[in-house]
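This report concerns only the one structure given below.
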Amino acid sequence: MTSSATSSEIIAAISSVIGDVARPVALHEPLFAGNENAYVKSCIDEGWVSSVGAFVSRFERDLAAFCGAPRAVVVVNGTCAIHAALMVLGVRPGDEVLIPSLTFVATANAVVHAGAVPHFVDVEETSLGVDPAALRAHLESIATRKDRQTVNKLTGRPIRALMPVHIFGHPCRLEELAAIAREWNLQLVEDATEALGSTQDGRPVGSRHTAVFSFNGNKMVTTGGGGAVTTHDEDLYQRLKHLTTTAKQSHAWAFLHDQVGYNYRMPNLNAALGCAQLEQAPRFLAAKRALAAAYARAFEGMKGVRILPSPPGTESNYWLVTLLADQAGEAWLNGMLQALHDAGLQCRPAWQPLHLLPMYRDNPRSELPRTQALAQRIISLPSSVRLGLPYLQS
Ligand SMILES: *Cc1c(COP(=O)(O)O)cnc(C)c1O
């Protein structure tokens with residue numbers, strides 16, 4: 001720690017990348033440079049602003065194509081998308097769902113919305129995602145198989161699903177985790193809310209397993225607020241669509257509902273914005289990757305810190321470019337964030353690990369040594385698309 005880069009060196013490196021854009025510089029702001037105005041205006045002009053309209057189906061088709069999945073269902077936000085996905089995957093009240101502790105709080109909240117219990121597991125440094133080896137060891141020590149079901153020996157509850165998260169857009173070690181899910185009869189769903197456009201072995205995130213996306217204002221592309229589930233499973237798609245649209249049977253006039261459904265459908269206005277945003281996604285991705293490359297060059301050779309590259313075999317969307325300190329602590333992190341903030345650079349730490357939050361303190365969990373250490377070593381740098389655009393021209 002003695003020889004680590006100083007805050008002024010770090011500020012100078014960031015400034016050399018983003019140039020003289022007005023301070024304060026936001027962490028991640030949306031860019032509307034395409035057909036947003038035209039599409040949203042057409043909704044208003046034609047009166048299709050709400051739960052019915054052509055942009056909803058179009059956004060679902062465009063999104064599925066972009067993610068390399070046959071089907072997508074779009075909903076009001078990413079949290080509801082996770083909730084709905086867990087329900088149709090068979091997660092029931094009283095079940096446990098394995099998730100990382102190092103993630104945004106919505107991952108855990110959605111599990112609770114489904115009546116289930118978040119069970120926190122540790123992450124690894126390469127991807128910041130769930131560590132397959134640690135997960136396997138943890139399951140072997142606390143879980144048992146009973147009638148093709150995995151049960152937590154300590155709580156007596158079924159462990160029903162595994163939901164890894166692609167943190168900051170970096171794909172986690174998904175195929176190893178999928179193998180563990182198969183061995184232990186766990187449903188697998190990816191929290192890909194931060195990873196739209198990221199690829200793994202050349203294939204987009206969301207193209208292999210059931211995955212959830214978010215289109216909140218600070219994500220890769222935005223619909224204002226929004227979320228989606230992509231899937232290969234036609235039956236799952238049908239049930240998801242039904243459940244998120246008040247479980248109404250199609251009929252010319254009658255109100256026939258066959259279960260307690262949810263009003264999670266994305267409004268046409270938001271889908272219109274999404275269609276326009278998705279048209280620009282390839283350019284957004286290129287800009288963000290170019291920005292990450294510029295940051296990596298600027299920090300090259302700097303002592304004690306580095307830009308976290310895409311994990312081997314993957315290409316991150318670099319939703320948030322991550323500066324990782326070799327070793328750090330709360331004092332280092334807070335001092336650095338204060339200095340960056342004073343310099344007009346809106347940088348952020350990783351989230352407070354969820355097992356430390358009051359509502360999740362008593363939840364089941366594995367040992368979490370890397371989660372706790374990494375949470376004090378991560379700083380997210382300003383990562384808006386527009387900061388990367390100048391690097392596309394050259
Ligand atoms: C953004 C996000 C969500 C939730 O998405 P919303 O659209 O904000 O509800 C869930 N998980 C992670 C990891 C996220 O970053």
Side-chain angles (χ1 to χ4, degrees), residues 26-30 59 63 67 72-87 91 97-114 116 118 120-121 123 127-130 161-172 174 177 188-198 205-206 209-230 244 262-267 270-271 273-274 277-278 288 316-322 348-355 357 359-360 371 374-375 378 380 383-384:
L27 182 69
H28 199 287
E29 58 190 4
F59 188 42
L63 181 70
C67 295
V73 175
V74 296
V75 296
V76 285
N77 60 53
T79 310
C80 292
I82 299 173
H83 178 205
L86 291 174
M87 284 190 291
V91 171
V97 177
L98 299 162
I99 63 169
S101 173
L102 192 69
T103 179
F104 180 52
V105 70
T107 311
N109 290 348
V111 171
V112 175
H113 297 165
F120 299 113
V121 295
V123 293
S127 67
L128 307 179
V130 171
L162 167 64
M163 180 162 51
V165 185
H166 305 298
I167 300 291
F168 304 139
H170 280 29
C172 71
L174 191 60
L177 295 171
L188 180 77
V189 54
E190 300 168 53
D191 180 338
T193 47
E194 303 181 356
L196 183 73
S198 299
V205 161
H209 307 278
T210 299
V212 173
F213 293 91
S214 165
F215 310 107
N216 192 33
N218 62 349
K219 293 284 171 31
M220 260 295 292
V221 306
T222 186
T223 59
V229 184
T230 59
T244 55
Y262 292 79
N263 181 15
Y264 279 0
R265 188 200 298 263
M266 177 183 284
N270 302 73
L273 195 57
Q277 286 268 288
L278 206 54
K288 289 177 70 66
S316 179
N317 67 1
Y318 291 98
W319 172 55
L320 294 183
V321 177
T322 302
R348 297 285 298 270
W351 312 272
Q352 168 90 317
L354 301 187
H355 70 283
L357 298 178
M359 62 286 196
Y360 293 127
T371 296
L374 279 167
I378 290 170
S380 296
S383 304
S384 300

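Index from 1, following the sequence. Order of listing sets the numbers, starting from 1, for every ligand and every atom in it. Atoms considered below: every heavy atom in the structure, side chains included; atoms not considered: hydrogens, waters and symmetry mates.
- The heavy-atom pair separating Ala211 from Ala192 by the smallest distance is CB-CB, 4.2 Å.
- Contact detail for Cys80 and Val75: the closest heavy-atom pair is C-CG2, 4.4 Å.
- Here Thr79 has heavy atoms under 4.0 Å from ligand 1 in both its backbone and its side chain.
- Counting only heavy atoms of the protein, atom 14 (C) of ligand 1 lies nearest to Thr193 OG1, 3.1 Å.
- Across all their heavy atoms, Val229 and Thr210 have their closest contact at CG1-CG2, 3.7 Å.
- Here the protein heavy atom with the shortest distance to atom 15 (O) of ligand 1 is Glu194 OE2, 2.5 Å.
- When every heavy atom of Ala72 is checked against every heavy atom of Leu63, the shortest pair comes out as CB-CD2, 4.1 Å.
- Listed by number with element, the atoms of ligand 1 under 4.0 Å from a non-hydrogen atom of Ala106 are 3 (C), 4 (C), 10 (C).
- Note: an N/O pair closer than 3.5 Å links Lys219 and ligand 1 by distance alone.
- At a 3.5 angstrom cut-off on N or O pairs, Thr103 does not count as close to ligand 1.
- Using a 4.0 Å cut-off between heavy atoms, Ile167 makes no contact with ligand 1 at all.
- Considering backbone and side-chain atoms together, Val165 places no N or O closer than 3.5 Å to any N or O of ligand 1.
- For the ligand labelled ligand 1, residue Gly226 lies inside the 4.0 Å heavy-atom shell.
- What you find for Gly224 and Leu273 is that their closest heavy atoms are N-CD2, 3.8 Å.
- Regarding atom 6 (P) of ligand 1, its nearest protein heavy-atom neighbour is Gly78 N, 3.4 Å.
- Formation of a donor-acceptor pair under 3.5 Å by the Thr244 side chain with backbone atoms of Tyr264 is not found in this model.
- Aromatic ring centres of Phe59 and Phe215: separated by under 6.0 Å.
- Those atoms of ligand 1 with a heavy atom of Phe104 less than 4.0 angstrom away are 2 (C), 3 (C), 12 (C), 13 (C), 14 (C), 15 (O).
- For ligand 1, the polar-atom distance check finds no N/O of Trp319 at less than 3.5 Å from any of the ligand's N/O atoms.
- No side-chain donor from either of His28 and Ser384 sits under 3.5 Å from a side-chain acceptor of the other.
- What sits closest to atom 11 (N) of ligand 1 on the protein, heavy atoms only, is Asp191 OD2, 2.9 Å.
- Here is the list of ligand 1 atoms found below 4.0 Å of a heavy atom in Ser214: 1 (C), 5 (O), 6 (P), 7 (O).
- Heavy atoms of Asn77 found under 4.0 angstrom from ligand 1 belong to the backbone as well as the side chain.
- A tilted orientation is assigned to the rings of Phe104 and Trp351, their planes being inclined by 30° to 60°.
- Panel note: side chain Asp191, backbone Ile82; no donor-acceptor pair is recorded below 3.5 Å.
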